[in-house]
There are 2 protein chains.
Amino acid sequence: MPAGFNTADMKKLDEIVATRRRVKQGDMLFSNGDVFTSLYAIRTGFFKTCVSTEDGREQVTGFQMAGEIIGLDGIVTDHHSCNAVALEDAEVCIMPFANVEDLSREFPLLQRHVHKIMSREIVRENSVMMLLGNMRAEERLAAFLLNLVQRLHARGFSQSELTLRMSREEIGSYLGMKLETVSRAFSKFSDEGIIEVKQRYVRILNADALKKIFNPETCN
Amino acid sequence: MPAGFNTADMKKLDEIVATRRRVKQGDMLFSNGDVFTSLYAIRTGFFKTCVSTEDGREQVTGFQMAGEIIGLDGIVTDHHSCNAVALEDAEVCIMPFANVEDLSREFPLLQRHVHKIMSREIVRENSVMMLLGNMRAEERLAAFLLNLVQRLHARGFSQSELTLRMSREEIGSYLGMKLETVSRAFSKFSDEGIIEVKQRYVRILNADALKKIFNPETCN
DNA sequence: ATGGCTCTTTGATGCAAATCAAACGATAAT
DNA sequence: ATTATCGTTTGATTTGCATCAAAGAGCCAT
């Protein structure tokens, strides 16, 4: 929540975040076709969102962690168009969207906040399109790791160590590559001494090298 | 604009759409780094939006036509993160975002409308991610053509004929493939009698066949 | 018309990633 | 402990698309 509210305001704002829901690992918070009523703010845990075709192909559209908002896809049609799956036991705040809209009209700061969240998601997806459309396998994985660790660092975790919450297959689905290719890219980075990998544990030994792979120009 | 307003309201709402701007073919409406002040509603003409990396790779993130809104990317940072280029002479309504937000607080219907526009963009990008991550070249082109013609049809144009406003290279950039591959896919469809192509003119002869290519399951 | 653009098509070749396949490691169940 | 299961790694092979290359088509300016 953004700053700049007095205590009376805060009380009102707290209401939209009043009810919570626990989601067990592997369970869906919502799924394609569900009626949309609420946005969800992740309190703890880790989610993936994915869309799928009738013939069973699945595309992971994002990985979300504490503090991030999911469910925005449901606004346009009043129905969700993707699945949100907990990759570990999680807890979310349920924010009934009608309340969000009501309070947004009352509090310009909240309104602005909501708009920024949606815009941020649009911009994020733009850069995923760049990833999928223009980058090679290793560039994609480098970008993915840097993005993950940066978001974790912003939450107080290490900027060089992380434990992946998702499988190689899920990473591959997000990055538009097969699990074997993901695995090979991990091994390559490991061989080159850029990272240390042990299953889902990853330590970044040479962040600059990763950045250089992701974008050869920026870091000389 | 959504229905359901009285004339007094409409007058106010008209204000946010009061000023217009012409954009010549090839010119940019806004570009990466520009300060964000306004959304733009396309009145006439055709745009592409694209992001690019420092090393010059470009990804077209969308093609927009009359009635569609561009500029949403700028909200989150107050600066645009992509370029909007007119693919033909165009005219847009400038909608200062501060006004949009002010009036959204006053008119719930407008507020809802703005939210839906942003959500629609998120959902669209989700399906582009599916396209880029999971589909083969011909599936992508089939999906692209079907999407384009559907949007044109919704605007009163033919559901079987269209004139492309973008080059093979731009189509390729959007779909994550090279211009030669785009050209080959066009030729293949043409050889199979699914479409008729003459440069940028395309006539869809067998929409069902296109749908089947896009999604083998749905149409038996 | 003519030459000089740009865009498009088509062919030949190369390569990055997919696919196929098998072994390995970690975890959970008996 | 032993087996089964799932996720991961690694190797061999195939393939779809990229790349390289050149010719053709449309368009503009002179």
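Keep in mind the model is a prediction, meaning the values are calculated, not measured. Every chain is numbered from 1, with letters handed out A, B, ... down the list of sequences.
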Would you call A:K212-A:E139 a salt bridge at under 4.0 Å N-O?
no
From CD1 of A:I213 over to C1' of C:dA16, roughly how many Å is that when rounded to an integer?
16 Å
From CD1 of A:I171 across to C1' of D:dT8 the rounded distance in Å is 11 Å
Student check: side-chain heavy atoms of B:E180 and B:R184 closer than 4.5 Å
yes
Ranking B:L179 and A:Q199 by the position along DNA chain C of their nearest nucleotide, the one closer to 5' is B:L179
In whole angstroms, how far is the P atom of D:dT9 from the CZ atom of A:F186?
8 Å
Heavy-atom donor-acceptor pair, A:T61 side chain to A:T49 backbone, under 3.5 Å
yes
What N/O pairs connect the protein and nucleotides 15-17 of chain D at under 3.5 Å? Give each pair on its own line.
| from | atom 1 | to | atom 2 | distance (Å) |
| --- | --- | --- | --- | --- |
| D:dC17 | OP1 | B:A137 | N | 2.7 |

Run the numbers on B:H80 and B:D34 for side chain to side chain donor-acceptor pair (under 3.5 Å), then give the verdict.
CA-CA 5 Å; B:H80 287 287; B:D34 286 359; over 6 Å; no
Determine, using ring centers only, whether A:F63 and A:Y174 are less than 6.0 Å apart.
yes
Verify the ring-centre separation between B:F36 and B:F97: is it less than 6.0 angstrom?
yes
Taking everything shown except A:E169 itself, do over 12 heavy atoms lie less than 6.0 Å from its CD?
no
Would you mind reading off the distance between B:R200 atom CZ and D:dA25 atom P, rounded to a whole angstrom?
18 Å
In whole angstroms, how far is the P atom of C:dT9 from the CZ atom of B:F189?
13 Å
Write down the distance between CD (B:Q25) and P (C:dT6), rounded to a whole number of angstrom.
15 Å
I want to check a possible cation-pi pair here: A:R168 against A:F186, using under 6.0 Å from ring centre and within 45° of the ring axis as the test.
yes
With sugar-phosphate meaning primed atoms plus P, OP1 and OP2, does A:K188 contact a base, only sugar-phosphate, or nothing at under 4.0 Å between heavy atoms?
nothing
Students often get this wrong, so: under 4.0 angstrom with heavy atoms, is B:S187 touching a base, only sugar-phosphate, or nothing?
sugar-phosphate
Is it the case that A:Q25 and A:D89 place a side-chain donor and acceptor less than 3.5 Å from each other?
no
Do A:E170 and A:K48 have side chains that approach each other closer than 4.5 Å (heavy atoms only, starting at C-beta)?
yes
Counting only heavy atoms not in B:R22, do more than 12 fall under 6.0 Å of its CZ?
no
Expressed in angstrom and rounded to an integer, what is the separation of A:N134 atom CG from D:dT19 atom P?
10 Å
Find the distance between CD (B:E88) and CZ (B:R165) and round it off to the nearest 0.5 Å.
4.5 Å
Are B:K198 and D:dG26 close enough that a side-chain N or O sits under 4.0 Å from OP1 or OP2?
yes
Strictly under 3.5 Å: I want the nitrogen or oxygen pairs between protein and nucleotides 20-22 of chain C, one per line.
| from | atom 1 | to | atom 2 | distance (Å) |
| --- | --- | --- | --- | --- |
| C:dC20 | N4 | A:E180 | OE2 | 3.3 |

Five-pair end axes of the helix from C:dA1-D:dT30 to C:dT30-D:dA1 and the angle they enclose, rounded to 10°:
40°
Euclidean distance, atom CZ of residue B:R57 to atom P of D:dA18 [Å, nearest integer]:
14 Å
